[in-house]
Amino acid sequence: MSESEPPFTDEELAFLRHVRFGELPPAVRPEERTAATETDPRRDRPDPATNADQWVLRLGPGG
């Protein structure tokens with residue numbers, strides 16, 4: 001293989017994706033889509049601290 005030649009063709013990459021992930025589900029049609037609403041609390045942030053001691057534990061003495 002030469003340096004300018006890609007390691008896989010598009011067809012080979014499509015086959016490898018199919019082997020790894022299997023058959024994709026059918027696409028959702030625009031009329032079947034609904035707006036998503038979050039009902040659970042965010043998981044990317046910790047629960048709020050309720051007292052000063054908890055803040056010191058989270059942020060350290062200088063925070």
Side-chain angles (χ1 to χ4, degrees):
M1 247 193 282
S2 68
E3 292 294 323
S4 63
E5 185 178 330
F8 294 105
T9 64
D10 288 343
E11 292 81 18
E12 291 169 330
L13 289 172
F15 173 75
L16 292 173
R17 278 192 299 276
H18 184 270
V19 168
R20 182 172 181 186
F21 299 110
E23 189 71 27
L24 292 176
V28 177
R29 300 175 55 94
E31 60 269 10
E32 297 172 350
R33 295 179 185 165
T34 59
T37 56
E38 286 290 328
T39 56
D40 294 331
R42 293 178 63 164
R43 289 177 272 171
D44 62 336
R45 297 184 183 202
D47 294 331
T50 56
N51 63 40
D53 292 336
Q54 287 179 328
W55 281 112
V56 171
L57 289 173
R58 287 187 186 176
L59 302 175

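The model shown is predicted, which means the values in this text are computed figures rather than measured ones.
Residue pairs satisfying the salt bridge (charged side-chain N to carboxylate O under 4.0 Å, His left out) criterion with at least one member in residues 16-26, sequence neighbours excluded, are absent. Evaluation of the salt bridge (charged side-chain N to carboxylate O under 4.0 Å, His left out) test over residues 25-35, restricted to residues two or more places apart or in two chains, returns R29-E31.
Here the straight-line distance linking atom CG of L16 with atom CZ of F21 works out to 10.5 Å at 0.5 Å rounding.
Residues V19 and F8 fall within the same hydrophobic cluster, defined by Ile, Leu, Val, Met, Phe, Trp and Tyr side chains chained together at heavy-atom separations under 4.5 Å.
Scanning for side chain to side chain contact (heavy atoms under 4.5 Å, CB included) contacts around T34 gives an empty result, with sequence neighbours left out.
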